[in-house]
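Inspection log for the structure reproduced underneath, given as structure tokens.
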Amino acid sequence: MNQDILYAGVNDHALDLFEGQFAVPGGMAYNSYVILDEQTAVMDSVDHRFADAWLNRVRSALGGRPADYLIVQHMEPDHSGSIAAFMQAYPQAVVVASAKAFPMMQAFFGEDYAARRRIVRGGDTLRLGRRTLTFLDAPMVHWPEVILTHAAPDGVLFSADAFGKFGALDVQEPWTDEARRYYFGIVAKYGVQVQALLRRAEALPIRTICPLHGPVLRGEEAGSALRLYRLWSAYEPESEGVVIACASIYGHTMDAAQLLARRLRECGAAEVTLLDLARCDMAQAVAEAFRCRTIVLASSTYNGDMFPCMKAYLHQLTERGLRGRTIGLMENGAWAPMAAKAMRAMLENARDLAFAGPTVKLACALSDAGRAQIDALAGALTAPQAAE
Ligand code: FEO
């Protein structure tokens, strides 16, 4: 970081599922930072399994100095899990957090540090010496108690979960794909709140972003991340491409989806991604739907409904506020095809969707009639502004 703001976080390679549901083959980082000034501040703790390692890092970063403040930006256990250990190790330290954080401390640890706390809200400042911290309210990004912290004159934004990504810091990979999967997995429902936070944050000079997960973002990396967050929080697509999400039982619906992918490419689609919902990472499939302008939903009929993995997918998309997309539908059914009707019904309350082209209706396997419908759908999805 720099000589006054030191990294003190940890990498977790033992974790299989982050938040109990997101695969993290590259592990996870729980970030923490130590600010050295006339007074010292520690930014957030880490998962309780890493309390000892983290306290060693904090001790080393402090270089023998006491810790004056523990600033708690977020109470989810991946960050709050070592607060109690810290407060025991540094009995003179004051914990700084929003008013909503302290009842959570009481609930998690049986202690709300009434004699050792400072409650802050948006706009409050804490002067450490040469450096002043300004707190920003960030309710529902993505818990209600969240605050962010801006350090001046450094231009550093400590951003809590915002701008975080999956993956430990000792795994080299681009920021965007895993940050997108993280955002649409965890934060996407709260786009309005993220937009409000961005307006407040961007009124301050930001040269560096220090999130609680993923790498520190500097200069153009920070600018690019801010631009993507504006897009993502507005539910705007990044790509004019098409994602085909397929739920197939015996492979015939997948045959049709693959044919559609070929036809779309032949028709000049900007980009085509085909997902096998039964086998791909669901969080990745969700992120792809938000990344692309057009989504084709292809499902076998099952129990008078769509295939279960498609139902789970649409639940995740609508729960996260999918809107403003062009949708194509394909269904398969041996005797009473119901998938298209069921998929449409699940999207009924999604805002600003445009259903394009004919619904492709397959009976068991691809036929000449099915191929003709697929050609028509590909044409409709690649025609300028073709939507019913
Ligand atoms: Fe990284 Fe919302 O916890």
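Whatever order the structure lists them in is the order used to number ligands and atoms, beginning at 1.
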Strictly below 4.0 Å, N to O, side chains only: are D4 and R130 in salt-bridge contact? yes
Determine which of the N, O or S atoms in H213 is closest to atom 1 (Fe) of ligand 1 and give its atom name. NE2
Might you work through the ring-ring contact (aromatic ring centres under 6.0 Å, His included) test for Y183 and Y229, ending with a clear yes or no? CA-CA 9 Å; Y183 177 87; Y229 258 59; 5.0 Å; yes
Does the distance from a Lys or Arg side-chain N to an Asp or Glu carboxylate O, for E266 and R263, drop under 4.0 Å? yes
On the six-membered ring of F290, is R320 placed so that its NZ or CZ lies under 6.0 angstrom from the centre and within 45° of the ring axis? no
If the threshold is 4.0 Å, N to carboxylate O, is there a salt bridge linking R291 and E238? no
Protein N/O/S atoms under 2.8 Å of atom 2 (Fe) of ligand 1? H74 NE2, E76 OE1, H142 NE2, D161 OD2
Any salt bridge linking D352 with R323? Criterion: basic side-chain nitrogen under 4.0 Å from a carboxylate oxygen. no
